[in-house]
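Each chain gets a letter, A, B and so on, in the order its sequence line appears, and its residues count up from 1.
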Amino acid sequence: MDLFETFFNLEVLARSFPMLLKGLWLTLELGAASILAGLVLGLGLCMMRLYSVRPVQILTRIYIDVFRSIPLLVLLIIVYYALPFVGVRLSPFASAMTALTMVSGAYTAEIFRSGIEAIPKGQFEAAAALGLGHRQTMVDVILPQSIRMVIPPLTNNSINVVKDTALASVVAMPDLLKQATQAQALAANPSPLIGAAAIYLAFLLPLVLLVSRLERRLNRGKA
Amino acid sequence: MPGYISIRNLQKYYGHYHALRGIDLEIARGEVVCVVGPSGSGKSTLIRCINRLEDFSTESAIHVDGVPVLPGANLAKVRAEVGMVFQSFNLFPHLTVRQNIMLAPRRVRGTTKAAAAAQADQLLARVGLASQAEKYPSGLSGGQQQRVAIARALAMEPQVLLFDEPTSALDPEMVGEVLDVMRDLAQTGVTMVVVTHEMGFARQVADRVIFMDGGEVIESAPPDAFFSAPRETRTRNFLHAVLDH
Ligand SMILES: Nc1ncnc2c1ncn2[C@@H]1O[C@H](COP(=O)(O)OP(=O)(O)OP(=O)(O)O)[C@@H](O)[C@H]1O
Ligand SMILES: [Mg+2]
């Protein structure tokens, strides 16, 4: 049989399409939930890292460095297979979301920090001199300026989170990749895998291109 | 009698560097004080201590209208009464000119949006920028930006205005428009402390000129006496150098 029949078997693809769609939905749910939770966690970590008392700053820093270093797959397996030994039993979705959020939060915290530290000192001073409190300074003056700068790296991080959702298939979560491998087994044909790859690309490639465009625009603004 | 701004034994260290060496200064309500001196003499540090943008030693004390300038709840209160204008303007680039002016009244004083907007437009008219309210700071010249910064400080209706070399970052042709606004302000009875290299402005507008060198106040005198009959050799040398050039 020829290559096309093996990898791009339209009949197999059509049959597995509903399964892939179901997986895609779960992948997107997991990705979106983890990205949002990671943003909240990251902003909180960033504020603690920059503006809390010294011991908390140090702990936050340790958290951030540890969770940027640990391989996500290792963390996921710990959450899913090791935590039950201490009585914490999470569903595959919850395990995956926990692991993704903890890591995404660490990266997001660093992204926010770079965005805040890129704001000139004079902006903080002007806000302070006007009598704005710390919170008001952050909300009205600093963060709106930081957000513009951090959108490209945050989008990059989001792309990574969505890609990493594929790891959830190892804890038996029926995400896009898992559905594809199952469909492949059923049909004894790898076309569903190619289909899944195409779907990942269809979602993520435009985002990658968007980041490049945003970065170019931001750099132009600087010049 | 303690002044409206009262500075007692102000000591400031940057690490081991002794930037302010025991400054005592009383400034009366409504007084306009110009601070001059060579680069690195501590002029910026001095006025940045008044609203505590710089921390200072516990042995030092600054009071504004009787309120000690200490970290904590009182500090925001002091800062709301003390406006500051920076050399580099420090306008908020993501806000329009009007929004720049409205922000502090709305957030700190709880002024309504309509009242804050009306006040902003009034202030913009006062600094000669009535038609620029909708623009962003990046669309303005340096002189215009600095006038917006002055309007932004005025929006809090401060009792004290601090200026740190407000014209030093400007192209020469824009210095005049900013000094004109400051000259008008000096007539309004607001207390002003102005760090400046503009000797003409100091001579005309100041009630008192202070000369700093090496983190100390070397001389303090009314402008006539200061410029025509300085007592200290260091003041004379400084004036000689700046007025000759
Ligand atoms: N953040 C800082 N860290 C360390 N040293 C500082 C800092 N800020 C100022 N200094 C030092 O303190 C001294 C006084 O500085 P200051 O900025 O008050 O001088 P100035 O009189 O305003 O000078 P200029 O006319 O150049 O603005 C200088 O020697 C300066 O190098
Ligand atoms: Mg200075």
Side-chain angles (χ1 to χ4, degrees), chain A residues 39 43 46-48 50-57 108 111-155 213-223, chain B residues 44 47-55 64 71-95 99-110 136-138 145-146 148-158 160-164 169:
Chain A
L39 279 175
L43 188 59
C46 170
M47 291 298 144
M48 292 201 299
L50 287 177
Y51 303 116
S52 62
V53 292
R54 193 98 188 111
V56 178
Q57 282 186 351
T108 308
I111 293 171
F112 278 129
R113 184 168 71 93
S114 70
I116 288 170
E117 288 180 342
I119 305 295
K121 218 173 108 219
Q123 294 288 305
F124 291 88
E125 293 182 346
L130 285 166
L132 294 177
H134 178 74
R135 221 189 117 83
Q136 294 164 325
T137 301
M138 280 295 143
V139 170
D140 291 316
V141 177
I142 304 304
L143 292 179
Q145 295 183 61
S146 302
I147 293 291
R148 288 160 207 225
M149 265 182 279
V150 299
I151 281 177
L154 281 182
T155 312
R213 259 186 56 183
L214 287 174
E215 276 170 348
R216 267 204 310 278
R217 222 172 59 193
L218 221 69
N219 285 337
R220 249 210 324 275
K222 235 178 270 162
Chain B
S44 298
I47 70 163
R48 291 162 57 83
C49 284
I50 295 176
N51 61 355
R52 211 163 180 133
L53 284 187
E54 299 291 346
D55 255 318
V64 175
N74 266 342
L75 188 55
K77 217 167 83 189
V78 170
R79 284 175 171 168
E81 299 299 328
V82 179
M84 188 165 211
V85 176
F86 301 85
Q87 181 174 344
S88 49
F89 326 139
N90 296 345
L91 292 178
F92 305 133
H94 61 298
L95 300 178
Q99 289 168 338
N100 262 275
I101 300 172
M102 289 168 63
L103 180 64
R106 293 210 61 206
R107 292 290 182 266
V108 181
R109 300 251 193 257
Y136 284 87
S138 57
Q145 289 192 47
Q146 193 61 298
V148 172
I150 292 173
R152 180 177 68 178
L154 289 175
M156 291 298 284
E157 296 172 344
V160 176
L161 279 173
L162 308 172
F163 292 85
D164 191 1

- Item | Engaged part of B:Leu162 at the chain A interface, taking heavy atoms whose separation is under 4.5 Å |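 No part of it gets close to chain A.
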- Tell me, for B:Arg52 versus chain A, whether the close heavy atoms (under 4.5 Å) come from the side chain, the backbone, both or neither.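 Interface part for B:Arg52: neither.
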[X] versus [Y], closest heavy-atom pair with distance:
X        : Y        : result
B:Arg107 : A:Leu132 : CB-CD2, 3.6 Å
A:Ala126 : B:Phe86  : CA-CE1, 3.7 Å
B:Val108 : A:Leu130 : CG2-O, 4.0 Å

- Query: Does A:Ile142 offer a backbone N or O that forms a donor-acceptor pair with the side chain of B:His94 under 3.5 Å?
  - Reply: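 Answer holds: no.
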- Message: Please check this pair: side chain of B:Asn51 against backbone of A:Ala129, looking for a donor-acceptor N/O pair closer than 3.5 Å.
- Response: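 Between the backbone of A:Ala129 and the side chain of B:Asn51 there is no qualifying donor-acceptor contact (under 3.5 Å).
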- Task: Please look at A:Gln136 and chain B and tell me whether the side chain, the backbone, both or neither of the residue comes under 4.5 angstrom of a heavy atom of that chain.
- Result: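 Contact with chain B: side chain only.
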- Out of curiosity, B:Asn90 CG to A:Lys121 NZ, how far, rounded to the nearest 0.5 Å?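 Reported to 0.5 Å precision, the distance equals 10.0 Å.
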- How many angstroms lie between OG1 in A:Thr137 and CZ in B:Phe92, if you round to the nearest 0.5 Å?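 The distance works out to 7.5 Å.
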- Query: If you count heavy-atom pairs under 4.5 Å between each of B:Ala153, B:Pro93, B:Ala76 and chain A, which one has the most?
  - Reply: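 So the answer, after comparing B:Ala153, B:Pro93, B:Ala76, is B:Pro93.
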